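Letters A, B, ... mirror the listed sequences (proteins, then strands); counts begin at 1. From a predicted model like this one, the values you see are computed outputs, not experimental measurements.
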There are 4 protein chains.
Amino acid sequence: MTYRRSPLMEERLANNRDRILMATRKLVAEGGFREAQVAAVAAVAGVSTGMIYRYFSSKAELFVEVLGVAVEQEINILTGIATGPGAAGERLDAAVTCFVRRALTGPNLAYAFIAEPADPEVDTARIRYRKKFGDVFKAILIDGIEKGELPDQDAEASAACVVGAFTEALVGPIGPAARNTHDKERLVQSIRMFCLRAVGSFSK
Amino acid sequence: MTYRRSPLMEERLANNRDRILMATRKLVAEGGFREAQVAAVAAVAGVSTGMIYRYFSSKAELFVEVLGVAVEQEINILTGIATGPGAAGERLDAAVTCFVRRALTGPNLAYAFIAEPADPEVDTARIRYRKKFGDVFKAILIDGIEKGELPDQDAEASAACVVGAFTEALVGPIGPAARNTHDKERLVQSIRMFCLRAVGSFSK
Amino acid sequence: MTYRRSPLMEERLANNRDRILMATRKLVAEGGFREAQVAAVAAVAGVSTGMIYRYFSSKAELFVEVLGVAVEQEINILTGIATGPGAAGERLDAAVTCFVRRALTGPNLAYAFIAEPADPEVDTARIRYRKKFGDVFKAILIDGIEKGELPDQDAEASAACVVGAFTEALVGPIGPAARNTHDKERLVQSIRMFCLRAVGSFSK
Amino acid sequence: MTYRRSPLMEERLANNRDRILMATRKLVAEGGFREAQVAAVAAVAGVSTGMIYRYFSSKAELFVEVLGVAVEQEINILTGIATGPGAAGERLDAAVTCFVRRALTGPNLAYAFIAEPADPEVDTARIRYRKKFGDVFKAILIDGIEKGELPDQDAEASAACVVGAFTEALVGPIGPAARNTHDKERLVQSIRMFCLRAVGSFSK
DNA sequence: CATGAATGAGAATTCATTCAT
DNA sequence: TATGAATGAATTCTCATTCAT
């Protein structure tokens, strides 16, 4: 008698995969890639180390996917804003504000951005994911420039600068200082204004 | 007849330390801290591994100093510009332009910004060094705001954003794409304009 | 069908730990802590070096446990004698004789006494373990003094001297010379008489 | 013109040798063989590391000689007592008391006795030196036994036990606890009485 | 299928000894 | 002769990955 993969087992498999991803994300968020050793991930996920290799061919692949999942979530939200109605300046405003606020809420994504690639593979992915963020902003910028709402500029570079600006502001020296809600909101506004002025959108 | 330390010996000593630092810098620039293992550094520097520990008490200390040397060079140049004559906007312009141009010239500084903390010790230093850069820009901003040349803003946050903006633009997805002189100059101008608009300085 | 940890697996686990301990003990007994490098222990135990760190967090911890296991065995036996019936002098007699005889039988304990602290951690443990031996003898002495069976004396110091006396006699210059059974028994009697006279118990 | 070894140079050589020995002794006394690295010895002695190898072919040889010098000093004093006038019991009394008192005075010799051989070579020497001490006591014992002053016993074993007894009492768990003069004198008396009772000399 | 024990290739660091100057 | 910079073998410890059960 052989084992057939029952629907139930499928679900357990999916659950396992998710739990591994979540465990990894948790560990990376808390202590960087350094703390996300395979054994630790397995322990947090409640699976064996061997199990991890059923779903991911290597630790690097696991990391890449963790980054991917985190990025996708944010990209979806931002894209919703970017493709919505309203003037380019307003959409940019909303996108920047949303992104910064979410990043400050939990150490879920921001850390993953600077967290060093434990692997060249992860490095490559990291660059790719940052570009995805830039693309969302770039789209808004191009739209705004075409419609004359924004001054002419290198949309590609500006978009990268926007991403870099809040990355630095979030994870750099001034980031961790913002602990209470008041400080956080102040930081959100500072970054927001900076970026808006930077792209020439004076929505005030 | 007594033995005196000959100039040649002095030079060799200095050369060793410097060669170790240069070798480390080279390796970090090329492949990140990951590639700068003690054995590799020793090989590139043309010394034995033990030699490295004559000059640096640990690998972390070596890394910290490599970062420090690179940062100090740039800080000195930027500070010269920041404390010089001219309107705040002009000095900011010059500082940003200079910084970006130098970063694009060689892999001398840029890597220091993303390079992940192989060590908590290095991490701490890295944050500190980034802050140093921010402080130079912050000084110009505060000066400009006081004199009414720049709009009121959170100088601390803006400075961090400026640093982040060109960090991302330099080492992020669009950075490596700029290979020839023409592309590079275009990138310099893009980042420059972005930052100037961002702080409200429309020197055009 | 679920997987259960088979008895065989349990045994192999226990075996590994024990084999590591035994291998360490063997190497320390033969060549001191110096010879018990992690790689050597692994080789003798028939495991990989990494395996050792599954059971012991550091080499020092391994050494401490090796000492501890050896000491505990002996302490248990001695305590049984010390807390048994009979006059203090007789119990002391039995304890000393038993201890010395066992030490001469195999290189199981004696080495633990001289073996130098390869590590401050091990040093601390070594002192502690020696004190444990002293305490067994001290208890007998105090009992004998109280009951008037033994002359008044510093029980603490006398106990330490007893431990030192046979340590030296066992591992010192005269120890290894005693190869055959006859010599050994003669040594046992010599040490026994020395210690009994020393504490004032002339059971003859 | 070649250099001829002047008397002055001879003296400097001798001085160097002595300074190296003293430096080693100091370091061993303070921190065990572990702390007496060649570089440290050189620094304390005020010579270069290379200099050390002019006088000692290896570190082990240096250690052996340091032990030897320390032992010789003590042996001389003890022999003076042992070969002097008086009853065997009295001479033994004086020898033990002298030895223990001197050992407690400074951490000069006692430590060297248990301090683990950094080298098999040192190990061998250490055993040999301990035997030398035993021989002094053995001589007194044999004398006393022959003259009927002491009960018949295995002089060799008893001598080893005496050495072991105060070694343990000095460097074991109760040793370092005795800090002030009062405690020390009490320890001296305790060890003294123990040893005298042990060899059957009740000089009280 | 699921486990987690086992592996072993690295990586950092130390220090006795040598030898060019 | 004297120096101390330089060497590099040796040692401990880590952790991704595999595979017998």
Side-chain angles (χ1 to χ4, degrees), chain A residues 2-5 9 12-13 16 34 36-43 47-54 56-60 62 118-119, chain B residues 1-6 8-9 12-13 16 34 36-42 46-60 62 118-119, chain C residues 1-6 8-9 12-13 16-17 34 37-42 46-60 62 118-119, chain D residues 2-5 9 12-13 16 34 36-43 47-54 56-60 62 118-119:
Chain A
T2 54
Y3 290 89
R4 235 164 331 133
R5 192 175 287 179
M9 290 177 80
R12 279 197 52 199
L13 279 180
N16 271 345
R34 171 179 318 285
Q37 300 117 339
V38 175
V41 169
V47 301
S48 67
T49 58
M51 187 88 283
I52 289 174
Y53 288 86
R54 290 194 66 71
F56 306 93
S57 68
S58 73
K59 196 178 74 153
L62 170 60
D119 252 292
Chain B
M1 178 192 177
T2 54
Y3 287 84
R4 236 168 326 140
R5 191 178 288 174
S6 74
L8 195 65
M9 289 175 81
R12 279 200 50 200
L13 275 179
N16 265 344
R34 167 178 323 285
Q37 298 125 341
V38 174
V41 169
V47 300
S48 66
T49 59
M51 187 85 290
I52 289 174
Y53 289 89
R54 173 174 290 276
Y55 299 105
F56 305 94
S57 67
S58 72
K59 197 178 70 153
L62 171 60
D119 244 293
Chain C
M1 177 191 177
T2 55
Y3 288 83
R4 232 163 334 133
R5 191 179 288 174
S6 76
L8 197 65
M9 289 174 82
R12 280 200 51 199
L13 275 179
N16 265 343
R17 196 170 202 280
R34 165 177 327 285
Q37 299 123 342
V38 175
V41 169
V47 300
S48 65
T49 59
M51 187 84 291
I52 288 173
Y53 290 89
R54 172 174 291 277
Y55 298 105
F56 306 94
S57 67
S58 71
K59 197 179 71 151
L62 171 59
D119 243 292
Chain D
T2 56
Y3 289 90
R4 232 161 335 129
R5 193 176 286 178
M9 289 178 82
R12 279 197 53 201
L13 279 179
N16 271 344
R34 171 178 317 286
Q37 300 117 339
V38 174
V41 168
V47 301
S48 67
T49 59
M51 187 88 284
I52 288 175
Y53 287 86
R54 290 193 65 70
F56 306 93
S57 68
S58 73
K59 195 178 75 153
L62 170 60
D119 251 291

key: Interatomic distance where CD1 belongs to B:Ile52 and P belongs to F:dA5 [whole Å]   = 16 Å
query = What is the distance, rounded to the nearest whole Å, between atom CE of B:Met51 and atom P of E:dT14?
reply = 14 Å
task = For C:Leu62 and F:dC13, give me the distance from atom CG to atom C1', rounded to whole Å.
result = 13 Å
request  = Could you grab the distance from atom CD1 of C:Ile52 to atom OH of C:Tyr55, nearest 0.5 Å is fine?
outcome  = 11.0 Å
ask   = Does D:Ser48 make a side-chain N or O approach to OP1 or OP2 of F:dG4 shorter than 4.0 Å?
value = no
N or O in side chain of C:Asn16 less than 4.0 angstrom from E:dA5 OP1/OP2 = no
remark   = With sequence neighbours left out, the residues meeting side chain to side chain contact (heavy atoms under 4.5 Å, CB included) with B:Ala40 are B:Leu27, B:Gln37
request  = Look at all strands and tell whether B:Val47 reaches a base, only sugar-phosphate, or nothing, counting heavy atoms closer than 4.0 Å.
outcome  = sugar-phosphate
ask   = Of all residues at least two apart in sequence or in a different chain, which pass the side chain to side chain contact (heavy atoms under 4.5 Å, CB included) check with A:Ala60?
value = A:Ser58, A:Asp119, A:Glu121, A:Val122
request  = Measure from CZ on B:Arg54 to C1' on F:dT3 and round the result to the nearest Å.
outcome  = 11 Å
Short N/O separations, protein against nucleotides 9-12 of chain F, under 3.5 angstrom:
from	atom 1	to	atom 2	distance (Å)
F:dT11	OP1	C:Gln37	NE2	2.7
F:dT12	OP1	C:Lys59	NZ	2.9
F:dT12	OP2	C:Val38	N	3.3

remark   = Scanning both residues in full, the closest heavy-atom pair of D:Ala39 with D:Thr49 reads CA-CG2, 3.9 Å
query = Which sits closer to the 5' end of DNA chain F, B:Gly46 or C:Ser57, going by the nucleotide each is nearest to?
reply = B:Gly46
task = For DNA chain F, write out the stems as range with range, using runs of 3 or more consecutive Watson-Crick or G-U pairs with both distances under 3.5 Å.
result = E:2-21 with F:2-21
